[in-house]
Amino acid sequence: MKPALNPLLGRLAAYLQEKANAQRETAARSGKPLYDFGIGDPREPTPEFIRKALREAVSEVSQYPSISGMPALRRAVAAYLSRRFSLSLNPDTEILPCAGAKEALFHLPMIALNPARPLCWYPDPAYPVYERAILFAQGTARTYPLKAERAFLSDLDAISPEQWRQTSIWFDCYPHNPTGAGAPRSHHERLLSLAREHGFVVVCDEPYVDLYVGPPPHSALQIGSRENLIAIHSLSKRSGMTGYRSGFIAGDPALIATLREARANFGVASQGFVQAAAIAAWNDDAHVEERRKVFADKRAVLLAHLRKLGLAVGGDGAFYLWVRVPPGFTSDSYAARLAEANILVVAGNSFGPSGEGFIRLAMVPTLSDCKAAVEAWPV
Ligand SMILES: Cc1ncc(COP(=O)(O)O)c(C=O)c1O
């Protein structure tokens with residue numbers, strides 16, 4: 001007799017990245033040039049000073065990293081938060097390292113979900129991990145739609161007081177993947193005031209907060225009291241370190257204390273040498289400025305082309321372009337049409353039903369590949 005396993009696994013669609021990898025392999029077999037705007041994993045090299053910090057920190061003896069991470073890492077994060085957002089966080093009580101945002105987000109409902117208040121909310125469309133984290137923790141997943149006509153901002157008034165009272169967690173993400181939309185401070189003020197009134201945890205996922213083209217976006221950590229708030233940041237996109245797996249969790253000291261204790265059960269601090277590289281990365285802003293410039297150049301090339309085609313593009317945060325498909329196409333059919341020219345994008349509905357009618361381009365190919373993709377674009 002075979003083991004029954006968790007039936008949830010059979011119900012979940014294949015994870016986005018796995019689907020994209022399969023699509024890339026098929027396109028690569030054609031032998032023609034490939035323009036992969038699928039997964040948000042940029043090709044620019046990780047800055048040499050970060051790689052050097054990692055190499056030099058590989059120690060002779062390997063020991064378990066602590067859940068709280070190196071004090072120097074927490075201090076580097078606090079210094080970054082002070083430079084970037086004029087915040088003063090206590091590195092010992094308000095900051096915890098994590099092995100990338102995905103891990104921190106996935107484990108959060110295991111800790112913050114109270115079965116007496118089963119509702120956990122996440123955006124539609126969204127990065128897929130929120131939903132999966134909720135379902136694996138046996139919460140009741142509820143989406144809130146993000147629509148172009150509301151500038152992809154959640155409508156907090158659409159949730160009833162009774163629903164708020166049943167809520168354990170609200171996942172929030174601005175600058176938003178996949179739409180690139182930002183949120184005004186008033187959004188976070190209202191959300192946090194609801195969280196304190198009704199007693200739920202707000203998780204603000206902010207891995208794109210340093211990748212902007214206009215004015216720098218705020219962090220939810222800047223909105224007055226941090227009670228009931230957890231913010232999650234990552235070096236993946238900011239510093240070109242997707243493979244290192246490093247980020248941090250910051251916010252309400254009571255929640256941070258609980259997380260520190262609970263996270264010890266699954267042991268997920270980054271390796272010491274990754275923490276050393278992370279210290280170097282958080283201590284430097286110049287390389288982030290250079291990355292913003294690289295993405296801005298790609299954005300200019302792609303935007304000019306998409307506008308010429310008459311396609312509306314939303315959002316100016318993160319490194320995504322959220323593009324409305326031409327009349328007569330669906331998300332899937334336009335993505336398939338582009339795939340015929342070996343231009344790989346993600347169909348908007350892969351991020352949730354409200355993503356129908358859009359495709360997402362991650363500006364990860366090099367600038368010259370972006371220019372070549374524009375030439376290869378089917379009209
Ligand atoms: C919104 C969002 N949150 C979190 C992550 C995961 O980041 P990390 O590489 O730090 O796990 C991603 C990655 O694409 C993302 O888009």
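From a predicted model like this one, the values you see are computed outputs, not experimental measurements. Numbering of ligands and ligand atoms starts at 1, following listing order. Hydrogens, waters and symmetry mates play no part in the numbers below; they use all other heavy atoms, side chains included.
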task = Please check if atom CD in Gln138 has more than 12 non-hydrogen atoms from other residues, nucleotides or ligands closer than 6.0 Å.
result = no

remark   = Hits for ring-ring contact (aromatic ring centres under 6.0 Å, His included) against Phe106, two or more places apart or cross-chain, chain-then-number order -> Phe136

inquiry  = With a 4.5 Å cut-off on side-chain heavy-atom distances among I, L, V, M, F, W and Y, is there a chain of contacts connecting Ile169 to Ile256?
reply    = yes

inquiry  = Tell me whether Glu94 is salt-bridged to Arg226, with the criterion being a basic N under 4.0 Å from an acidic carboxylate O.
reply    = yes

Please tabulate, one line per pair, the protein nitrogen or oxygen atoms found under 3.5 angstrom from a nitrogen or oxygen of ligand 1, with distances to 0.1 Å, or say none if there are no such pairs.
{"from": "ligand 1", "atom 1": "3 (N)", "to": "Asp205", "atom 2": "OD1", "distance (Å)": "3.4"}
{"from": "ligand 1", "atom 1": "3 (N)", "to": "Asp205", "atom 2": "OD2", "distance (Å)": "2.6"}
{"from": "ligand 1", "atom 1": "9 (O)", "to": "Ser236", "atom 2": "OG", "distance (Å)": "2.6"}
{"from": "ligand 1", "atom 1": "9 (O)", "to": "Arg245", "atom 2": "NH1", "distance (Å)": "3.0"}
{"from": "ligand 1", "atom 1": "10 (O)", "to": "Ala101", "atom 2": "N", "distance (Å)": "2.7"}
{"from": "ligand 1", "atom 1": "10 (O)", "to": "Ser234", "atom 2": "OG", "distance (Å)": "2.6"}
{"from": "ligand 1", "atom 1": "10 (O)", "to": "Ser236", "atom 2": "OG", "distance (Å)": "3.3"}
{"from": "ligand 1", "atom 1": "11 (O)", "to": "Ala101", "atom 2": "N", "distance (Å)": "3.2"}
{"from": "ligand 1", "atom 1": "11 (O)", "to": "Lys102", "atom 2": "N", "distance (Å)": "2.8"}
{"from": "ligand 1", "atom 1": "11 (O)", "to": "Arg245", "atom 2": "NH2", "distance (Å)": "2.6"}
{"from": "ligand 1", "atom 1": "14 (O)", "to": "Tyr208", "atom 2": "OH", "distance (Å)": "3.4"}
{"from": "ligand 1", "atom 1": "14 (O)", "to": "Lys237", "atom 2": "NZ", "distance (Å)": "2.8"}
{"from": "ligand 1", "atom 1": "16 (O)", "to": "Asn177", "atom 2": "ND2", "distance (Å)": "2.7"}
{"from": "ligand 1", "atom 1": "16 (O)", "to": "Tyr208", "atom 2": "OH", "distance (Å)": "2.6"}

key: Connected-component partners of Leu344 among ILVMFWY, side-chain separation under 4.5 Å   = Leu34

task = Go through the structure and list residues passing side-chain hydrogen bond (donor to acceptor under 3.5 Å, both in side chains) with Arg75, not counting sequence neighbours.
result = none

